[in-house]
Amino acid sequence: MLDFFSSSAVFICFDLFSGVKSFILCIVCAGKMSMGPTQCDEVTEVVCLESDLQDGQMKEVEVNHHKIVLVRNEGKFSAVGGLCTHYGAPLIKGALVGNRVRCPWHGACFNTTTGDIEEYPGLDSLPTYKVCLKSLTLWKLRKLTQCRIILGCISSCPMFMCLWCSTGPASLQCAETLRQNNYGGRIIIVTKDEQLPLDKTKLSKAMNIEVEKILLRPSDFLQQHGIEVLKEKEVVSVNTEAKTVAFNDGTSQHYDQLLISTGARSVPFIVSCPGAEMENVKLLESYKDAAGIYQMSLGKKAVIIGTSFIGMEVAAYLSDKAASVAVVGKSKFPYQFSLGPDIGKMTMKMLEEKNVKFYMSSDVAEMRGVKGRVKEIVLQNGDVLPADVVIVGIGVIPNSHFLKGSAVEVDSRNAVVVDKFMKTNIPDVFAAGDVASFPLCIREDKRVQIGHWQLAQAHGRVAALNMLNKQTELNSVPFFWTVLLGKSIRYTGYGEGYTDIVFKGNVDERKFLAFYMKGDDVVAAASLNFDPAVAKVAEIMATGKKITKSQADVQNFWITI
């Protein structure tokens, strides 16, 4: 029991509000209540002594069954919800730097004073609580909303339109940011998909997941905030002089400001491989694709072509559902050029333990079938693999084909060229997400195209603020994750062109931290079972500081970063 009289005690107090979905976290009143009408406006609970928490530390407490993180920074206390709003990771296990905590799982960042989400993924901010530092004194709560969306919209001009071929986060984040900043014009999101915006990162990790569980926002939320979504509509051309967009159904739409966030699509396999046009050769690009591949693979022989993140996740997921899973890759190991051969070898062994068979340093010569369906895969070395379903994951290309003939600049890979404000070369036209080529701040503004979910959200926010003439530069640090058999590899930074890898822990034991070096600097980091090391590295990179090779070589350096 805490001794109230010998030291100052820290209280967390909170008022009760009626619930508003996605806006306020409601707390049930603690203590006794009569059966009749009872006024219970606040709950106060002692959580620790002042001396229990030093500067730069955080402590998880539980009040009325709600986890709360208490933070002390520069002598001041603050309290926010203890679970990341993305997928519920415990923030107490994350990285605290100043007044910002970064989620250990997927890298979302929250301000520990205001609760605001400052880096993605995720859409909602954290609830905040008033902290009282008084001996036996109860204070009232000051509670902030969970997600600060401005209610109401009008249909008058100017109009804002998001273009969406593969439903992703950039357009939705852009739309929400506009509403949060009092934009009152019309907002239209166009997607060729059948569903509302989804968390597509789940499609290769849980292929039979119910669509309702991965909706980024339900339809009533979008309607409430005046965000129109036009489904099963594909963009075929853009006229930047007339400010119109044409669709595959023959209709067109005027815009005042345009966001191109059409993502990327799978590299087609048909042109390079005889037989690849058969009906059971599949790409994973949509919810419908994921559900179809799952059903086709149950108890059947699945062959996956490509050892990228998507291919490996699909192989892992199907390992206990298909009769057999075979993976074909051109390199010696999976992830050889992104994560390196040591980690690639380890992941290959993980899946081999689940009876996944690998055919590496190989490629497909042809696909043979009967009545339009593949029955076997012939490799270039002559090996023949039986196949009931073939999943192709050999890379992606930007979805910018509809810009052909327009004045919008694209690079040699057909990615839309933008500056650090997400502006294209055409006034009032912005681009975001996988389709965009942008300057990366942590690599001296090197122009890159990165297909990370978190970056797409950051792009959308920056685009929205600049649409409103609130000049904002992109300064996000890339962060992504992949999941194999329930184990997550986390990655931050940009490792292209790395020259060396410094390991902490042991890759073979599947507990490690890898620093990717370019010259004398750490340019990226990856980990498995080493949280919150990658989150800490991301926060260091976000401050503009460098991690040198001499620092990375120190045995326990990761503990002190």
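Here the structure is a predicted model, which means the values were calculated and not measured. If you read the sequence from its start, that first residue is 1, and numbering goes on from there.
- Residue Asp531 is tested with Lys93, Lys511, Arg490 for a salt bridge (charged side-chain N to carboxylate O under 4.0 Å, His left out); the sole match is Arg490.
- A side-chain donor-acceptor contact under 3.5 Å links Gln454 to the backbone of Val477.
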Exercise. Between Asp342 and Ile501, is a side-chain contact (heavy atoms from CB on, under 4.5 Å) present by the stated rule, with each step listed?
Worked result: CA-CA 10 Å; Asp342 293 318; Ile501 305 177; 5.8 Å; no

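- Each of Arg443, Lys446, Arg447 was scored for a salt bridge (charged side-chain N to carboxylate O under 4.0 Å, His left out) with Glu496, with one residue passing: Lys446.
- Looking only at side-chain heavy atoms (C-beta outward), Lys423 and Val418 stay at 4.5 Å or farther from each other.
- Note: Phe480 and Phe309 meet the aromatic proximity criterion, with ring centroids under 6.0 Å apart.
- When all heavy atoms of Gly306 and Ile394 are compared, the pair lying nearest together is CA-CG2, 4.3 Å.
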For this session: Under the side-chain contact (heavy atoms from CB on, under 4.5 Å) rule, what do Val537 and Met541 come out as? Steps first, then yes or no, please.
Result: CA-CA 6 Å; Val537 172; Met541 290 182 173; 3.9 Å; yes

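- Proximity of His86 to Tyr120: side-chain heavy atoms (C-beta onward) are nowhere separated by under 4.5 Å.
- Here Asp193 pairs with Lys200 in a salt bridge; the nearest charged N to carboxylate O distance falls below 4.0 Å.
- Checked for salt-bridge contact, Lys231 and Glu194 miss the test: no charged N lies under 4.0 Å from a carboxylate O.
- We find the CE-CG distance between Met207 and Leu318 to be 5.5 Å, quoted to the nearest 0.5 Å.
- Here the shortest heavy-atom pairing between Val267 and Leu283 reads O-CD2, 4.5 Å.
- Nearest heavy atom pair, residue Gly122 against residue Ile117, reads O-CD1, 3.6 Å.
- Note that NE2 of His459 is 12.5 Å distant from OG of Ser171, once rounded to the nearest 0.5 Å.
- Put simply, the side chain of Lys549 does not reach to within 4.5 Å of the side chain of Val522, judged on heavy atoms.
- Judged by the 6.0 Å and 45° rule, Lys518 forms no cation-pi pair with Tyr516.
- Looking only at distances, no side-chain donor or acceptor of Ser527 sits under 3.5 Å from a matching main-chain atom of Leu513.
- If you take NE2 on His452 and OG on Ser476, they are separated by 11.5 Å, rounding to the nearest 0.5 Å.
- Annotation: His106 is not in aromatic contact with Phe479 [ring centroid separation under 6.0 Å not met].
- With Lys504 contributing its side chain and Ala552 its backbone, the two residues share a donor-acceptor pair below 3.5 Å.
- Distance alone, capped at 3.5 Å, places no donor-acceptor pair between the Lys354 side chain and the Met350 backbone.
- For Lys546 and Glu444, the salt-bridge test passes: some basic side-chain N is under 4.0 Å from an acidic carboxylate O.
- A donor-acceptor pair is defined here as one N or O able to donate and one able to accept, closer than 3.5 Å; no such pair exists between the side chain of Gln57 and the backbone of Val71.
- In this structure the side chain of Ser331 reaches within 4.5 angstrom of the side chain of Phe337, judged on heavy atoms.
- Looking at Ser78 and Thr113, their side chains never bring a donor and an acceptor atom within 3.5 Å of each other.
- Annotation: side chain of Thr177 is in contact with side chain of Gln173 (closest heavy-atom distance under 4.5 Å).
- At a cut-off of 3.5 Å, with distance as the only test, no side-chain donor of Gln257 or Tyr255 sits close to an acceptor on the other residue.
- Electrostatic pairing of Glu539 and Arg100 counts as a salt bridge here, judged by a charged N lying under 4.0 Å from a carboxylate O.
- With hydrogens and angles disregarded, no donor-acceptor distance shorter than 3.5 Å links the side chain of Thr548 to the backbone of Asp521.
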For this session: Could you check Phe438 against Lys420 for side-chain contact (heavy atoms from CB on, under 4.5 Å), going step by step and ending with a plain yes or no?
Result: CA-CA 7 Å; Phe438 64 95; Lys420 60 183 64 178; over 6 Å; no

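- Here the CG-CG distance, from Leu465 to Leu474, works out to 11.5 Å after rounding to the nearest 0.5 Å.
- With a 6.0 Å radius and a threshold of 12 heavy atoms from other residues, nucleotides or ligands, Arg461 has its CZ atom at or below the threshold.
- Although no hydrogens or angles enter the test, the distance criterion places no donor-acceptor pair under 3.5 Å between the side chain of Glu509 and the main chain of Asn506.
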Exercise. Hey, mind stepping through Phe503 and Ile343 against side-chain contact (heavy atoms from CB on, under 4.5 Å) and telling me if it holds?
Worked result: CA-CA 10 Å; Phe503 285 100; Ile343 295 175; 4.1 Å; yes

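- In this structure a side-chain-to-backbone donor-acceptor pair under 3.5 Å is missing from Gln471 to Asn466.
- Put simply, CG on Asn99 and CG on Asp116 are 10.5 Å apart, with the number rounded to the nearest 0.5 Å.
- At least one donor-acceptor pair under 3.5 Å links the side chain of Arg179 to the backbone N or O of His225.
- When side chains are defined from C-beta on, Lys545 counts as touching Thr543, because their heavy atoms get closer than 4.5 Å.
- Considering all non-hydrogen atoms of both residues, Gln449 and Ala436 come closest at CG-O, 3.5 Å.
- For the pair Lys202 and Tyr87, the distance from NZ or CZ to the six-membered ring centre is under 6.0 Å and the angle to the ring normal is within 45 degrees.
- Using a 4.0 Å cut-off between charged side-chain N and carboxylate O, Lys282 and Asp289 make no salt bridge.
- Within a 6.0 Å radius of NZ in Lys345, no more than 12 heavy atoms belonging to other residues, nucleotides or ligands are found.
- At least one donor-acceptor pair under 3.5 Å links the side chain of Asn399 to the backbone N or O of Thr262.
- Heavy atoms only, all atoms of each residue included: Phe512 and Val507 are closest at CD2-CA, 3.8 Å.
- Scanning both residues, Pro104 and Ala535, for their nearest heavy atoms gives CA-CB, 4.3 Å.
- Comment: Glu228 engages Arg186 in a salt bridge, judged by a side-chain N to carboxylate O separation of less than 4.0 angstrom.
- Between Lys470 and Asn181, the side chains place a donor N or O and an acceptor N or O closer than 3.5 Å (distance only, hydrogens not considered).
- Annotation: side chain of Tyr335 is not in contact with side chain of Thr307 (no heavy-atom distance under 4.5 Å).
- Counting only heavy atoms from C-beta outward, the side chains of Glu409 and Thr424 never approach each other to under 4.5 Å.
- Once rounded to the nearest 0.5 Å, the distance linking CG of Leu83 with CG of Leu91 reads 7.0 Å.
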